[in-house]
J.: 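Please find one structure pasted underneath; my questions will follow.
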Amino acid sequence: MQIEVRIGAIQAVEADAVVVNLLEGVTSPGGATAAVDRALEGKISRVLAAGDFRGRLGETLVLYTDGRIPAPRVILVGLGPEASFHAEKVRHAAAAAAQRARDLNVRRLATVVHGAGRGGLSPEEAAQATVEGTLLGLYTYQRKKENASRQGPEVLLLVEFDAAKEASIAAGARRAEILARFVNQVRDWVNEPGSVMTPRRLAEEVTGLAREVGVQAQVLDEQQIAALGMEALLAVSRGSEEPPRFIILEYTPGGQREQPVVLVGKGITFDSGGLNLKSEEGMLTMKGDMAGAAAVLGATLAAAALQLPVPIVALAPACENMPSGRAYKPGDILRALNGKTIEIVNTDAEGRLILADALSYAARYNPRAVIDVATLTGAAIIALGQDVAAALFSDHDELAAALLRAAEATGERLWRMPLWEDYLERIKSEVADVKNSGGRYGGVGTSAMFLKQFAPEGVPWAHLDIAPMDMAEKARGYVPKGGTGYGVRLLVRYLEDPKP
């Protein structure tokens, strides 16, 4: 989509449709909405008086202008209550308006910058949220459709009356374009069938994008993984015909390599459960079990495109978990890269195994902080609900607080969970240092405690269990059904001002 900033009156812009907004409960429009209302000789006011539009979040109404302004249609969109208004509401409203425009086959769409007036957002923040909502809300998975349909308007005009705001609006729009591009890229990766988005294919696509944005990419094959001593990653991959890959991205702004933030993502490109085979229903969405890896890779690429000043390393162990005569077995004992041994009690608790090797590998970078992201447990979904929030575990309050602030700003919600020592007792093994499952009860906590055993000692660490958020059961606002791209915007927001 081509995005342009236009200075002038929205009612004077030539477009197939113009978008204006209204807060819930407002009975007399103001600002740009009032200007359009006057040009339409009170049509919006009459709709409000009749009670046909209330301004509920995402509510839309199409009005035809009958030649009173250059655009033949006005799309009125609700912003929800003023008391709870913030940037997340803008994203949802912008998505609703863009989706309505797509339904009308609008090619050229003009919109006010939602929230920059009475909403109290800065022009840059409002523009970013408006463009994010539009681009994310128009996403559909198109890679496997023979005749891919047009995904919405081809041109988006951001219209602002005050010329002094032009530069800020342009900056916000540009930032949103970059973020939306990589969020939608991650959605594509997660939505791709597991037989297509293999470890090798993921590595190939990431490497190409890394070259484009100036990130150094290295992909280790199974021989190199074995030479490092990553026995856990190799064991999980052993049952598959597809070889594993260990994807490493290094973003070094200005050549700065000291103390990067290290992001680690679980990259199980398909999870059958291994010999502890999943049910038919449980296996259906397991193409998305690499969403953690996709998120950390996408966030690193986006941060590089945005030219953030902080050095970043992304580590993505990628493999399949399949049953075969070569598959690893319950009762096996594996040695991770940091030397700790792991008793296998469940081959469907495989994600934490490949993360154990990757977290151990992270220590060589002398990181300022390590954050791992994984679709790790069904227990997280039971605890927090599908499509509600991801679980946050951390041994460092400042890091946890920074991630929670980023979650609040982006609408990618996190809920901090306890990391009690009791969980360690549940994963103690009689034959190894730890076992890879503590059983059904407390599974979200024991899995986090397991990962803590492999995180670099003395380094602030956080674990995000995004199992509730990687794939949406139904579309909601700017989040489509299927792959959500969760975590990219959250991590980039954190990386803008990383703490500690």
J.: If you look at every heavy atom in Asp348 and Gly273, which pair is closest and at what distance?
T.: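 In this case the closest contact between Asp348 and Gly273 is OD1-CA, 3.2 Å.
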J.: For the pair Met283 and Ser272, evaluate side chain to side chain contact (heavy atoms under 4.5 Å, CB included) and give the outcome as yes or no after the intermediate values.
T.: CA-CA 6 Å; Met283 212 182 298; Ser272 69; 4.1 Å; yes
J.: So among Val219, Leu209, Val206, which one has a side chain to side chain contact (heavy atoms under 4.5 Å, CB included) with Leu249?
T.: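 Exactly one candidate clears the test, Val206.
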J.: For the backbone of Leu138 and the side chain of Arg102, can you confirm whether one donor and one acceptor N or O come within less than 3.5 Å of each other?
T.: yes
J.: Quick one: closest heavy-atom pair of Gly274 and Asn321, and the distance?
T.: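 Heavy atoms of Gly274 and Asn321 come nearest at N-ND2, 3.4 Å.
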J.: From Ile3 CD1 over to Leu109 CG, what is the distance, rounded to the nearest 0.5 angstrom?
T.: 10.5 Å
J.: Taking everything shown except Lys329 itself, do over 12 heavy atoms lie less than 6.0 Å from its NZ?
T.: yes
J.: Checking Asn191 side chain against Gly483 main chain: does a donor-acceptor pair fall under 3.5 Å?
T.: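 Present.
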J.: Does the side chain of Pro330 come within less than 4.5 Å of Asn276's, by heavy atoms?
T.: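 Result yes, sub-4.5 Å side-chain heavy-atom pair found.
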J.: Gln128 and Leu179: side chain to side chain contact (heavy atoms under 4.5 Å, CB included), yes or no, with the steps?
T.: CA-CA 10 Å; Gln128 179 179 331; Leu179 286 169; 3.6 Å; yes
J.: Going by the rule side chain to side chain contact (heavy atoms under 4.5 Å, CB included), which residues pair with Thr269 if we only count those two or more places apart in sequence or in a different chain?
T.: Pro199, Met290, Glu320
J.: Mind checking whether Leu495 and Leu306 have side chains closer than 4.5 Å, heavy atoms only?
T.: no
J.: With sequence neighbours excluded, tell me which residues meet salt bridge (Lys or Arg N to Asp or Glu O under 4.0 Å) with Glu242.
T.: Arg200
J.: Filter on side-chain hydrogen bond (donor to acceptor under 3.5 Å, both in side chains), then keep only pairs touching residues 430-441, sequence neighbours left out; what's left?
T.: Thr341-Asp433
J.: Between atom CG of Leu392 and atom CG of Leu403, what is the distance when rounded to the nearest 0.5 Å?
T.: 6.0 Å
J.: If you take all heavy atoms of Val90 and Ala129, which pair is closest and at what distance?
T.: CG1-CB, 3.5 Å
J.: Check side chain to side chain contact (heavy atoms under 4.5 Å, CB included) between Asp221 and all other residues, then give those that pass, not counting sequence neighbours.
T.: Gln223, Gln224, Arg245
J.: For Glu250, is there any backbone N or O sitting under 3.5 Å from a side-chain donor or acceptor partner on Gln216?
T.: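 No, because the side chain of Gln216 does not come within donor-acceptor range (under 3.5 Å) of the backbone of Glu250.
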J.: Work out which heavy atom in Ala314 is nearest to a heavy atom in Val296; give both atom names and the distance.
T.: CB-O, 4.0 Å
J.: Decide side chain to side chain contact (heavy atoms under 4.5 Å, CB included) for Leu136 and Asn184; before the verdict, give the C-alpha distance in whole Å, the side-chain angles of both, and the deciding distance to 0.1 Å.
T.: CA-CA 7 Å; Leu136 297 177; Asn184 287 338; 3.6 Å; yes
J.: Please evaluate residues Met449 and Phe393 with respect to the criterion side chain to side chain contact (heavy atoms under 4.5 Å, CB included), reporting the C-alpha separation (whole Å), side-chain torsions for both, the decisive distance (0.1 Å), and the verdict.
T.: CA-CA 9 Å; Met449 184 57 78; Phe393 292 85; over 6 Å; no
J.: I need the Leu376 CG to Leu464 CG distance, nearest 0.5 Å.
T.: 11.0 Å
J.: List the residues meeting ring pair (Phe, Tyr, Trp, His ring centres under 6.0 Å) with His92, not counting sequence neighbours, and say none if there are none.
T.: Tyr478
J.: Is there side-chain contact between Leu399 and Tyr494, with heavy atoms separated by less than 4.5 Å?
T.: yes
J.: Output all residues satisfying ring pair (Phe, Tyr, Trp, His ring centres under 6.0 Å) with Phe246, sequence neighbours left out; order by chain, then residue number.
T.: Tyr361
J.: Salt bridge check: are Arg238 and Glu222 linked by an N-O gap of less than 4.0 Å?
T.: no
J.: Drop me the distance from Thr140's OG1 to Arg187's CZ, to the nearest 0.5 angstrom.
T.: 10.5 Å
J.: Going by salt bridge (charged side-chain N to carboxylate O under 4.0 Å, His left out), name the pairs with one or both residues in residues 482-499, residues two or more places apart or in two chains.
T.: Glu132-Arg489, Arg175-Glu496, Glu412-Arg489, Arg493-Glu496, Asp497-Lys499
J.: Tell me the closest heavy-atom pair linking Leu337 and Ser360, and the distance in Å.
T.: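 Looks like CB-CB, 3.8 Å.
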J.: On a heavy-atom basis, which atom in Glu231 and which in Leu334 lie closest, and how many Å separate them?
T.: OE2-CA, 3.4 Å
J.: Is there any side-chain hydrogen bond (donor to acceptor under 3.5 Å, both in side chains) pair reaching into residues 381-399, and which pairs are they, with sequence neighbours excluded?
T.: Asp397-Arg416
J.: With no hydrogens and no angle check, is any side-chain donor or acceptor of Thr60 less than 3.5 Å from a backbone partner on Ala97?
T.: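 Judged by distance alone, no pair lies under 3.5 Å.
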J.: Any side-chain hydrogen bond (donor to acceptor under 3.5 Å, both in side chains) pairs touching residues 450-471, not counting sequence neighbours?
T.: Asp372-Trp461, Asp372-His463, Thr377-Asp465
J.: Which residues pass the salt bridge (Lys or Arg N to Asp or Glu O under 4.0 Å) test with Glu205, sequence neighbours left out?
T.: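 Partners of Glu205 under the salt bridge (Lys or Arg N to Asp or Glu O under 4.0 Å) test: Arg143, Arg201.
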J.: Below 4.5 Å, heavy atoms only, C-beta onward: do Leu490 and Leu414 meet side chain to side chain?
T.: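 In contact.
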J.: Would you compute the distance between atom OG1 of Thr347 and atom CG of Leu275 and round it to the nearest 0.5 angstrom?
T.: 5.0 Å
J.: Kindly write out the residues that satisfy ring pair (Phe, Tyr, Trp, His ring centres under 6.0 Å) with Phe182, not counting sequence neighbours, or none if the list is empty.
T.: none
J.: Is the shortest heavy-atom distance from the side chain of Phe454 to the side chain of Ile342 under 4.5 Å?
T.: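 Side-chain contact under 4.5 Å: yes.
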J.: Report the residues that fulfil salt bridge (Lys or Arg N to Asp or Glu O under 4.0 Å) with Arg405, sequence neighbours left out, ordered by chain and then residue number.
T.: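 With neighbours one apart ignored, the set is empty.
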